[in-house]
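See structure below.
To find a chain, count down the sequence lines: A is the first, B the second, and so on, and within it residues start at 1. We use all heavy atoms of the structure for the numbers below, so side chains are in, but hydrogens, waters and symmetry mates are not. Here the structure is a predicted model, which means the values were calculated and not measured.
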2 protein chains.
Amino acid sequence: MSIEVAAPIQRRPLHNELADRLRHMIVEGELAPGEKLAEKELCEQFGVSRTPLREAMKVLATEGLVLLTPNRGCAVAKLTLADLDEAFPIMGALEALSGELACRHITDAELDRIQELHDRMVVKYEAGALRDYFKLNEQIHQMILDAARNPTLAQMQLSLSGRVRRARYMANMSPARWRKAVDEHEKILETLKARDSKRLAVLLKEHLANKLQTVKDALTE
Amino acid sequence: MSIEVAAPIQRRPLHNELADRLRHMIVEGELAPGEKLAEKELCEQFGVSRTPLREAMKVLATEGLVLLTPNRGCAVAKLTLADLDEAFPIMGALEALSGELACRHITDAELDRIQELHDRMVVKYEAGALRDYFKLNEQIHQMILDAARNPTLAQMQLSLSGRVRRARYMANMSPARWRKAVDEHEKILETLKARDSKRLAVLLKEHLANKLQTVKDALTE
DNA sequence: GTTATGAATTATGAATACAAAATACAAATC
DNA sequence: GATTTGTATTTTGTATTCATAATTCATAAC
């Protein structure tokens, strides 16, 4: 008897594929904020008709990544200071909740894995490799989110962080701030290990507030 | 010199209109959870072609109100107990944040207006008019949300509460629970007037947790 | 009688066609 | 020369058409 099970072949609808690709392009900054997105152009680029592209655009608009203006097309959503001021406190509240829930549900194995990621992140910090640092940072946050065992929460967090992600690449942290962020991460990990949910919530909220300040400083200079 | 300014006439795209109407129908329970939504049928009902309808469906799917399954159509999203368990803590966290922000920004005029709505709500409670009570309840929550001065937060709250709103009509509160909810509202209003943000956050979080219990009790009986 | 197979029907996915609005541009007026 | 007005072009919104996958139903095999 075979253990192998034939994987169900599934062709994704074009609008899904398109939404994913465009989302990636926007979030990663390949499409600049404010940039006009002409349907005809994108259709030619992706080799599809306008119908699935327009469907994908409706999705991205609902996610807040794109702005649709009736009869005059579509543009990549701009990221204003006000947007950041609004988004970060929300992310703080959601992270705090994730932390609380994670304290309740996280396994020792997951904690070990986070510790490992954290150690690697510190190495990247010491090497001054900001990009790698960010990547590991995100993985840690993602693991905490998973440990919260609340997919709805995870999805909302992902959606919000996608929107503000573009701001990160503008933010070139000062050495002092970077140092502080690493310290905060140390404390967060400790507190998570102690499963001290109340304190973790406070720490995560503060961490996000500091992050906002970092981004804002970078933007206003 | 005339003060009057000609209001810009604007015809909304069909997909917007459709999304709004369908959203309303789902949230108000006119379309039952799990109900299959055949494109052809809806097109005839609304007198539109499939293109704008499909665009509207993509929006509703992104909002989590509808479930799209490739090649086999669209159905109203079901609301499971797990969904409620996931959504309510998030709503609690967001409400708590709204409360904190509202304490900072709310004006005395807004507080007066909330007091007025609250008084009317208590009258409805005493009359046993659950539907009217809910309506006023929602208006109060909406006003707190507005006072938070964070449109992104307001939008997320609205979206989430839309998803779980259907559960409310299933929930026929027990007299004891209803009494408790009214008491909680009294305390919330007091605390908001005192602009005690920390305490308000705690109260709102608890209030939502109790609401979840109410809904769950109603569902499991 | 039950299950399996295949044709017919129906529904969805995607492309094209048509309509209407917005934009670009040229000509005319001051 | 600047501004306005009318026309052509382009772009977006919607309907229709075609392609393909799913479902239904009738038939055949066991």
### Task
Send over the distance from A/Leu53 CG to D/dG13 C1', rounded to a whole Å.
14 Å
### Query
Within the pair B/Thr51 and D/dT14, is there a side-chain N or O less than 4.0 Å away from OP1 or OP2?
no
### Query
Should we say atom CD of A/Gln45 is surrounded by more than 12 heavy atoms from elsewhere, each under 6.0 Å from it?
yes
### Message
Tell me every residue that passes ring pair (Phe, Tyr, Trp, His ring centres under 6.0 Å) with B/His118, counting only those two or more places apart in sequence or in another chain.
### Response
none
### Message
In this structure, how many angstroms lie between the P atom of D/dA19 and the CG atom of B/Asn71, rounded?
### Response
17 Å
### Query
Would you say a side-chain N or O of B/His15 is under 4.0 Å from OP1 or OP2 of D/dT14?
yes
### Query
D/dT23, D/dA15, C/dA14: which one has an atom nearest the side-chain heavy atoms of B/Leu14?
D/dA15
### Message
I need the single residue from A/Leu200, A/Leu203, A/Ile140 that forms a side-chain contact (heavy atoms from CB on, under 4.5 Å) with A/Leu192. Which is it?
### Response
A/Leu200
### Task
State which of C/dA15, D/dA22, D/dT11 makes the closest approach to the side chain of A/Ser49.
C/dA15
### Query
Roughly how many Å is it from NZ in B/Lys36 to P in C/dT12, rounded to a whole number?
5 Å
### Message
For a quick test of reading the model: is some side-chain N or O of B/Arg54 closer than 4.0 Å to OP1 or OP2 of C/dG13?
### Response
yes
### Message
Let's test your reading of the model: under 3.5 Å, does the base of D/dG13 pair with the side chain of A/Arg50 as donor and acceptor?
### Response
yes
#### Entry: Length of the CG-C1' vector between B/Leu18 and D/dA15, whole Å
14 Å
Could you list the donor-acceptor pairs under 3.5 angstrom formed by side chains in residues 142-150 of chain B, with sequence neighbours left out?
from: B/Gln142; atom 1: NE2; to: B/Asp146; atom 2: OD1; distance (Å): 3.2
from: B/Arg149; atom 1: NH1; to: B/Glu110; atom 2: OE2; distance (Å): 3.1
from: B/Arg149; atom 1: NH1; to: B/Asp146; atom 2: O; distance (Å): 3.1
from: B/Arg149; atom 1: NH2; to: B/His105; atom 2: O; distance (Å): 3.2
from: B/Arg149; atom 1: NH2; to: B/Glu110; atom 2: OE1; distance (Å): 3.0
from: B/Asn150; atom 1: OD1; to: B/Thr152; atom 2: N; distance (Å): 3.2
from: B/Asn150; atom 1: OD1; to: B/Leu153; atom 2: N; distance (Å): 3.0
from: B/Asn150; atom 1: ND2; to: A/Glu86; atom 2: O; distance (Å): 3.1

### Summary
Here the distance between atom P of D/dG13 and atom NZ of A/Lys58, to the nearest Å, is 6 Å
### Message
Less than 4.0 angstrom from a charged side-chain N to a carboxylate O is my criterion; do B/Asp85 and B/Lys216 meet it?
### Response
yes
### Query
Roughly how many Å is it from CD in B/Glu17 to C1' in D/dG13, rounded to a whole number?
15 Å
### Task
Report yes or no: is there a donor-acceptor pair, N or O only, under 3.5 Å between the side chain of A/Arg11 and the base of C/dG13?
no
### Task
Please figure out whether A/Arg72 or A/Pro52 has its closest DNA chain C nucleotide nearer the 5' end.
A/Pro52
### Query
For B/Leu37 and C/dA11, what is the distance between atoms CG and P respectively, to the nearest whole Å?
14 Å
### Whole-Å gap separating P (C/dG13) and CD (B/Glu39)
6 Å
